[in-house]
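Notes follow once the structure below has been shown.
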Amino acid sequence: MTQKFHIQDTGSMGRGLFATALISQGEKILEFTGSHVSFLETIFDESGRSIQLNVDDYLDLVEPGVLTNHSCAPNAGVMDDRFLVAIADILPGEQIFFDYSTTMQENYWTLTCTCGAPACRGVVKDFRYLPVEVQNRYLDMGIVQLFIAQKQKLHNKSLI
(Lines give C-alpha, C1' and ligand atoms only; values in the text may rest on other atoms or scores of the structure.)
Protein backbone atom coordinates (compact mmCIF):
# COMPACT_ATOMS: atom_id res chain seq x y z
CA MET A 1 0.00 0.00 0.00
CA THR A 2 1.66 3.20 -1.17
CA GLN A 3 0.76 6.18 1.00
CA LYS A 4 -1.17 8.67 -1.12
CA PHE A 5 -2.19 11.11 1.59
CA HIS A 6 -0.73 13.65 3.95
CA ILE A 7 -1.91 15.18 7.22
CA GLN A 8 -3.01 18.80 7.27
CA ASP A 9 -5.16 21.14 9.32
CA THR A 10 -8.81 21.21 8.26
CA GLY A 11 -9.84 24.23 10.27
CA SER A 12 -13.12 23.20 11.94
CA MET A 13 -12.32 19.46 12.22
CA GLY A 14 -8.73 19.71 13.46
CA ARG A 15 -6.26 17.68 11.47
CA GLY A 16 -7.32 15.35 8.68
CA LEU A 17 -6.08 13.18 5.85
CA PHE A 18 -5.86 14.65 2.35
CA ALA A 19 -5.10 12.85 -0.90
CA THR A 20 -1.75 13.71 -2.49
CA ALA A 21 -2.44 11.65 -5.62
CA LEU A 22 -5.48 10.04 -7.22
CA ILE A 23 -6.86 7.31 -4.97
CA SER A 24 -8.99 5.09 -7.17
CA GLN A 25 -12.28 3.59 -6.06
CA GLY A 26 -11.57 0.26 -4.35
CA GLU A 27 -7.99 1.17 -3.46
CA LYS A 28 -6.77 0.56 0.10
CA ILE A 29 -5.74 3.83 1.73
CA LEU A 30 -4.44 2.61 5.10
CA GLU A 31 -4.78 0.00 7.80
CA PHE A 32 -6.13 1.22 11.11
CA THR A 33 -3.75 0.35 13.93
CA GLY A 34 -3.71 0.73 17.69
CA SER A 35 -4.23 -1.14 20.94
CA HIS A 36 -7.23 -3.32 21.67
CA VAL A 37 -9.41 -1.90 24.45
CA SER A 38 -12.74 -2.86 26.00
CA PHE A 39 -16.02 -0.96 25.96
CA LEU A 40 -15.46 0.07 29.56
CA GLU A 41 -12.10 1.61 28.64
CA THR A 42 -13.74 3.64 25.84
CA ILE A 43 -16.27 5.15 28.27
CA PHE A 44 -13.47 6.97 30.07
CA ASP A 45 -12.01 8.28 26.79
CA GLU A 46 -14.45 10.71 25.22
CA SER A 47 -12.15 11.55 22.31
CA GLY A 48 -13.99 9.10 20.06
CA ARG A 49 -10.73 7.86 18.64
CA SER A 50 -11.56 4.15 18.68
CA ILE A 51 -13.46 1.97 16.27
CA GLN A 52 -15.56 -0.94 17.41
CA LEU A 53 -14.43 -4.38 16.21
CA ASN A 54 -16.94 -6.44 18.19
CA VAL A 55 -19.36 -6.09 21.11
CA ASP A 56 -16.57 -5.50 23.66
CA ASP A 57 -13.48 -5.11 21.46
CA TYR A 58 -12.35 -1.73 20.20
CA LEU A 59 -9.24 -0.54 18.42
CA ASP A 60 -7.84 2.60 20.08
CA LEU A 61 -6.58 4.28 16.91
CA VAL A 62 -3.21 5.91 16.42
CA GLU A 63 -1.98 8.20 13.64
CA PRO A 64 -2.53 8.41 10.81
CA GLY A 65 -5.84 6.47 10.98
CA VAL A 66 -7.16 8.37 13.99
CA LEU A 67 -7.09 11.55 11.87
CA THR A 68 -9.67 10.27 9.39
CA ASN A 69 -12.68 12.53 9.90
CA HIS A 70 -16.39 11.71 9.59
CA SER A 71 -18.74 12.68 6.80
CA CYS A 72 -22.36 11.71 6.13
CA ALA A 73 -21.28 11.64 2.44
CA PRO A 74 -18.01 9.67 2.73
CA ASN A 75 -15.50 8.94 -0.02
CA ALA A 76 -13.99 6.01 1.91
CA GLY A 77 -15.17 3.19 4.13
CA VAL A 78 -13.82 0.55 6.49
CA MET A 79 -13.55 -2.94 5.01
CA ASP A 80 -12.59 -6.14 6.83
CA ASP A 81 -12.80 -4.24 10.14
CA ARG A 82 -9.52 -2.32 9.73
CA PHE A 83 -8.78 -1.20 6.19
CA LEU A 84 -9.78 2.25 4.96
CA VAL A 85 -10.75 1.86 1.30
CA ALA A 86 -11.85 4.44 -1.27
CA ILE A 87 -15.53 4.03 -2.21
CA ALA A 88 -15.20 6.68 -4.90
CA ASP A 89 -12.26 8.20 -6.73
CA ILE A 90 -10.55 10.68 -4.40
CA LEU A 91 -8.74 13.47 -6.20
CA PRO A 92 -5.50 15.10 -5.04
CA GLY A 93 -6.27 17.77 -2.44
CA GLU A 94 -9.57 16.20 -1.34
CA GLN A 95 -10.04 15.30 2.30
CA ILE A 96 -10.60 11.60 3.04
CA PHE A 97 -13.69 10.77 5.12
CA PHE A 98 -15.60 7.72 6.31
CA ASP A 99 -18.98 7.45 8.05
CA TYR A 100 -18.29 6.71 11.71
CA SER A 101 -21.73 5.09 12.06
CA THR A 102 -20.49 2.08 10.07
CA THR A 103 -18.23 1.18 13.01
CA MET A 104 -20.65 1.77 15.90
CA GLN A 105 -23.18 -0.53 17.58
CA GLU A 106 -22.99 0.15 21.30
CA ASN A 107 -25.81 2.66 21.84
CA TYR A 108 -23.53 4.93 23.85
CA TRP A 109 -21.32 7.38 21.95
CA THR A 110 -22.69 10.16 19.70
CA LEU A 111 -21.13 13.12 17.93
CA THR A 112 -22.63 16.36 16.69
CA CYS A 113 -21.96 16.30 12.97
CA THR A 114 -20.60 19.37 11.22
CA CYS A 115 -19.69 17.71 7.90
CA GLY A 116 -21.85 20.10 5.88
CA ALA A 117 -22.97 17.43 3.40
CA PRO A 118 -26.40 18.08 1.84
CA ALA A 119 -27.68 14.90 3.53
CA CYS A 120 -25.95 15.57 6.86
CA ARG A 121 -27.76 13.74 9.66
CA GLY A 122 -26.73 16.28 12.31
CA VAL A 123 -25.74 13.61 14.83
CA VAL A 124 -23.50 10.59 14.34
CA LYS A 125 -25.06 7.57 16.05
CA ASP A 126 -24.97 3.79 15.82
CA PHE A 127 -25.43 1.99 12.52
CA ARG A 128 -28.96 0.89 13.53
CA TYR A 129 -30.12 4.52 13.46
CA LEU A 130 -29.09 5.16 9.86
CA PRO A 131 -31.91 5.37 7.32
CA VAL A 132 -32.58 1.87 5.91
CA GLU A 133 -31.53 2.88 2.40
CA VAL A 134 -28.18 4.14 3.73
CA GLN A 135 -27.71 0.95 5.77
CA ASN A 136 -28.39 -1.19 2.70
CA ARG A 137 -26.03 0.85 0.51
CA TYR A 138 -23.21 0.55 3.05
CA LEU A 139 -23.88 -3.18 3.54
CA ASP A 140 -23.83 -3.73 -0.25
CA MET A 141 -20.48 -1.90 -0.47
CA GLY A 142 -19.03 -4.04 2.34
CA ILE A 143 -18.06 -1.03 4.48
CA VAL A 144 -19.79 -2.03 7.72
CA GLN A 145 -17.91 -3.72 10.56
CA LEU A 146 -18.34 -7.48 10.16
CA PHE A 147 -20.10 -8.07 13.48
CA ILE A 148 -22.63 -5.32 12.68
CA ALA A 149 -23.19 -6.60 9.13
CA GLN A 150 -23.81 -10.16 10.39
CA LYS A 151 -26.30 -8.92 13.01
CA GLN A 152 -28.06 -6.74 10.44
CA LYS A 153 -28.35 -9.62 7.94
CA LEU A 154 -29.96 -11.80 10.63
CA HIS A 155 -32.34 -8.95 11.48
CA ASN A 156 -33.27 -8.45 7.81
CA LYS A 157 -33.96 -12.20 7.40
CA SER A 158 -36.32 -12.11 10.38
CA LEU A 159 -38.33 -9.39 8.63
CA ILE A 160 -38.96 -11.56 5.56
Side-chain angles (χ1 to χ4, degrees), residues 1-39 41-42 44-106 109-121 123-127 130 134-150:
M1 216 173 341
T2 304
Q3 186 170 307
K4 292 186 175 181
F5 62 86
H6 70 275
I7 299 166
Q8 91 181 39
D9 186 54
T10 68
S12 63
M13 292 185 203
R15 296 185 301 157
L17 305 182
F18 289 80
T20 55
L22 172 66
I23 303 172
S24 299
Q25 182 176 349
E27 190 174 343
K28 283 184 182 175
I29 300 167
L30 61 80
E31 179 177 2
F32 288 111
T33 57
S35 304
H36 286 263
V37 295
S38 70
F39 173 70
E41 290 170 291
T42 66
F44 296 107
D45 177 13
E46 295 182 7
S47 68
R49 66 178 192 215
S50 58
I51 59 172
Q52 191 175 9
L53 300 173
N54 214 321
V55 175
D56 192 41
D57 186 19
Y58 292 73
L59 194 60
D60 188 25
L61 300 179
V62 296
E63 288 189 19
V66 71
L67 299 175
T68 313
N69 288 312
H70 164 83
S71 176
C72 295
N75 54 14
V78 182
M79 289 188 171
D80 298 324
D81 288 345
R82 30 182 353 121
F83 294 99
L84 187 65
V85 176
I87 60 172
D89 287 348
I90 304 172
L91 302 175
E94 287 185 357
Q95 189 172 356
I96 302 166
F97 297 101
F98 79 94
D99 188 332
Y100 289 178
S101 293
T102 62
T103 65
M104 297 168 48
Q105 193 76 354
E106 80 261 311
W109 188 83
T110 62
L111 173 72
T112 301
C113 184
T114 59
C115 75
C120 179
R121 298 184 303 271
V123 177
V124 180
K125 297 191 267 187
D126 286 357
F127 183 79
L130 291 173
V134 174
Q135 287 182 12
N136 290 335
R137 187 173 75 245
Y138 288 163
L139 287 165
D140 289 346
M141 287 191 283
I143 59 167
V144 178
Q145 296 299 74
L146 296 174
F147 84 100
I148 298 171
Q150 289 168 349

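Throughout, residue positions are numbered sequentially from 1 according to the sequence presented.
- You'll find the side chain of Ser50 stays beyond 4.5 Å of the side chain of Leu59, heavy atoms only.
- Note that the CG atom of Leu22 and the CG atom of Leu91 stand 6.5 Å from one another [nearest 0.5 Å].
- Distance check, rounded to the nearest 0.5 Å: CD1 of Ile96 to CG of Leu67 gives 11.0 Å.
- At distances below 3.5 Å, at least one donor-acceptor pair connects side-chain atoms of Asp126 with backbone N or O atoms of Glu106.
- Here ring pair (Phe, Tyr, Trp, His ring centres under 6.0 Å) pairs that include residues 7-37, with residues two or more places apart or in two chains, are Phe32-Phe98.
- Proximity of a side-chain donor or acceptor of Asn75 to a complementary backbone N or O of Phe97 within less than 3.5 Å is detected.
- Residues Phe5 and Pro64 are in side-chain contact: their nearest non-hydrogen atoms beyond the backbone lie under 4.5 Å apart.
- Residue pairs meeting the ring pair (Phe, Tyr, Trp, His ring centres under 6.0 Å) criterion with at least one member in residues 71-95: none, sequence neighbours excluded.
- To the nearest 0.5 angstrom, Gln52 atom CD is 10.0 Å from Asp81 atom CG.
- Taking 4.5 Å as the limit, every side-chain heavy atom of Thr68 sits out of range of all side-chain heavy atoms of Leu61.
- When side chains are defined from C-beta on, Val124 counts as touching Met104, because their heavy atoms get closer than 4.5 Å.
- Here the CE atom belonging to Met79 is positioned 7.0 Å from the CD1 atom belonging to Ile143, to the nearest 0.5 angstrom.
- Asn54 places no side-chain N or O within 3.5 Å of a backbone atom of Phe147 that could act as its donor or acceptor partner.
- At least one side-chain heavy atom of Tyr100 sits less than 4.5 Å from a side-chain heavy atom of Asn69.
- Side-chain contact between Arg121 and Cys113: absent, with no pair of heavy atoms (C-beta onward) separated by less than 4.5 Å.
- Rounding to the nearest 0.5 Å places NZ of Lys4 at 15.0 Å from CG of Leu17.
- Panel note: side chain Ser101, backbone Lys125; a donor-acceptor pair is recorded below 3.5 Å.
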Item to check | Evaluation steps, salt bridge (charged side-chain N to carboxylate O under 4.0 Å, His left out), between Asp99 and Arg137 | outcome: CA-CA 12 Å; Asp99 188 332; Arg137 187 173 75 245; over 6 Å; no
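- Of the possible donor and acceptor atoms, one in the side chain of Asp56 sits under 3.5 Å from a partner among the backbone N and O of Phe39.
- Between Ser71 and Cys115, the shortest heavy-atom distance links the atoms CA-CB, 3.8 Å.
- Of the possible polar contacts, one joining the Gln135 side chain to the Phe127 backbone as a donor-acceptor pair under 3.5 Å is found.
- Annotation: the span from Thr102 atom OG1 to Leu139 atom CG amounts to 10.0 Å, rounded to 0.5 Å.
- Minimum heavy-atom separation, Thr103 to Gln145: CA-CG, 3.5 Å.
- Across all their heavy atoms, Pro74 and Ile87 have their closest contact at O-CD1, 3.6 Å.
- Distance alone, capped at 3.5 Å, places no donor-acceptor pair between the Thr10 side chain and the Arg15 backbone.
- Shortest non-hydrogen contact noted between Ile29 and Ala76 is CD1-CB, 4.0 Å.
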